Visitor: 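Structure provided below as structure tokens; questions to follow.
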Protein chains: 2
Amino acid sequence: MTTTGSPLTSTDKPRRGRPRGAPEASEARQKLIRAGLEHLTEKGYSAVGVDELLKAAGVPKGSFYHHFKSKADFGLTLVTAYNDYFVELLDRAFLDEARAPLDRLRVFTDAAAEGMARHGFRRGCLVGNLGQEMGALPDDFRAALTGVLEGWQTRTTRLLREAQAQGQIGPDLDPEALAETFWIGWEGAVLRAKLELRPEPLHRFAATFFCLIENRSPTITQKAERTQP
Amino acid sequence: MTTTGSPLTSTDKPRRGRPRGAPEASEARQKLIRAGLEHLTEKGYSAVGVDELLKAAGVPKGSFYHHFKSKADFGLTLVTAYNDYFVELLDRAFLDEARAPLDRLRVFTDAAAEGMARHGFRRGCLVGNLGQEMGALPDDFRAALTGVLEGWQTRTTRLLREAQAQGQIGPDLDPEALAETFWIGWEGAVLRAKLELRPEPLHRFAATFFCLIENRSPTITQKAERTQP
DNA sequence: GATTTAATGGACGGATTGGTCTAATAAAGG
DNA sequence: CCTTTATTAGACCAATCCGTCCATTAAATC
């Protein structure tokens, strides 16, 4: 029970053949993911063929199906990769204690707008793209996508709670509801910016959202959601 | 210059062969459009094949390419058909003078939510779907889609102006900016509702939007868009 | 009935789809 | 060197893609 040890304790295992390089570090795998993100954020899942990705990444088909068991599996991998990248962007903005909470949200929206501008507003949000294609996607995408959005929203809720604790937004507002509204609208803004190839939709929505929560008369509450008359 | 008259004056022309039936009334054409709307609002443009539509509509391929010169042409036809249907829905709600302007907007959002519910939240907005796929679509789609959204926004702007004239929303608000924000966010809400297969995103966004414009302290203006400091 | 045009019906075609398969190469331990 | 496993390489496959083609049927005028 020493050498043929169970795969559970993976640290001290001198296995036989060529070692699996760092699980995610394979160059081909990374190039495929990069190409996938570029193409899918621009054209969506259904419109992008595997061969197209292979050519873009300069990788043969054998590698693709070695690292991913199907196009769908690859797509799900892209979702987590995109989420990793995005959460980092989000946290960098949201956890910057040097700024006031609401300013951090502004930092994020500005950064995201710059990001879209860098690609000529031709690339949207992978989550939004795939969400709209759900009808044509394998079912596990749904949970993956909603889960990702939940994560973004949770972070935003925390930020807004902090803003509330610091009195930057009224105590009558519901941070969770606001965070949900923010991401609903922001995805819409990204879609629109991509359609019109310009940043105005992003700015418009951000401006309205900030106007909604800043300096509001405390008599207007968001929490009360229309009790029946 | 009587019988072979130019095609410009089309009323009194006893042409030779079988007359082109009502230009849009062909049964096959209509069945194709109906099937197209169902399938494309659910799965998007790229994910739906022509053959799939033919089977759904019970129409042979010859008919399809007789009525439409390509799949793209068919797609553009769908956009206008969808717009026609949608504008009617919109006007029915927005022009109902028996109600206060803001209530009419509420009537629309409720009706739209019901509409999505009828199809199990599996169908989204054709314009939103195609917008997200723009990267994979022929270029003329862009103008068509933005034009459609502009039309919806114009109607909404008029409605909000009326609301403003009647004092239902503050005189400090900018109806045009509000209308734009509404459609940015509403498309996001539809996308989210389709992803999560439930109406809450629609309700959440609508509630927030109404809360934004109703009963607001007149000191907060939407028009002032951050002059530089 | 002959002619002309509209519309249907579906076989067919070349290109592309996602995916499989096998051979070759690489990198490690024995 | 031999074995074992990882990875690359791309030929190949059945299915589907969008679109063309032509023969047939339908409905009108002459």
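All values derive from a computational prediction rather than experimental measurement. Naming: A, B, ... by sequence-line order, numbering from 1 per chain.
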Visitor: If I take atom CZ in residue Phe64(A) and atom C1' in nucleotide dT20(C), what distance separates them, rounded to the nearest angstrom?
Guide: 14 Å
Visitor: Rounding to a whole Å, what distance do you find between His66(A):NE2 and dT20(C):C1'?
Guide: 15 Å
Visitor: Kindly indicate whether a cation-pi arrangement holds for Lys71(A) with Tyr45(A), taking the cut-offs as under 6.0 Å to the six-membered ring centre and within 45° of the axis.
Guide: yes
Visitor: Measure CG/Asp51(B) against P/dC17(D) and give the value in whole Å, please.
Guide: 6 Å
Visitor: Gly62(A) near the nucleic acid: base, sugar-phosphate alone, or nothing, with a heavy-atom cut-off under 4.0 Å?
Guide: base
Visitor: Which whole-number value in Å describes the distance from Gln30(B) CD to dA7(C) P?
Guide: 13 Å
Visitor: For dA6(C), does either OP1 or OP2 sit under 4.0 Å from a side-chain N or O belonging to His67(B)?
Guide: no
Visitor: Between the base of dG19(D) and the side chain of Lys71(B), is there any donor-acceptor pair under 3.5 Å?
Guide: no
Visitor: So which one's nearest nucleotide on DNA chain C is more toward 5', Ser46(A) or Pro60(B)?
Guide: Pro60(B)
Visitor: In this structure, how many angstroms lie between the P atom of dG9(C) and the OH atom of Tyr65(B), rounded?
Guide: 17 Å
Visitor: Using atom CG of Leu54(A) as one end and atom C1' of dA11(D) as the other, report the distance to the nearest whole Å.
Guide: 14 Å
Visitor: Rounded to the nearest angstrom, tell me the gap between atom CD in Glu27(A) and atom C1' in dT7(D).
Guide: 12 Å
Visitor: Do any side-chain nitrogens or oxygens of Ser63(A) fall under 4.0 Å of OP1 or OP2 in dT8(D)?
Guide: yes
Visitor: Supply the atom-to-atom distance Glu176(A) CD to Thr154(A) OG1, rounded to the nearest 0.5 angstrom.
Guide: 7.5 Å
Visitor: To the nearest 0.5 angstrom, please state how far the CZ atom of Arg142(B) sits from the CG atom of Leu145(B).
Guide: 9.0 Å
Visitor: Expressed in angstrom and rounded to an integer, what is the separation of Lys31(B) atom NZ from dG9(C) atom C1'?
Guide: 13 Å
Visitor: Can you tell me how far the CD1 atom of Ile184(A) sits from the CG atom of Leu191(B), to the nearest 0.5 Å?
Guide: 9.5 Å
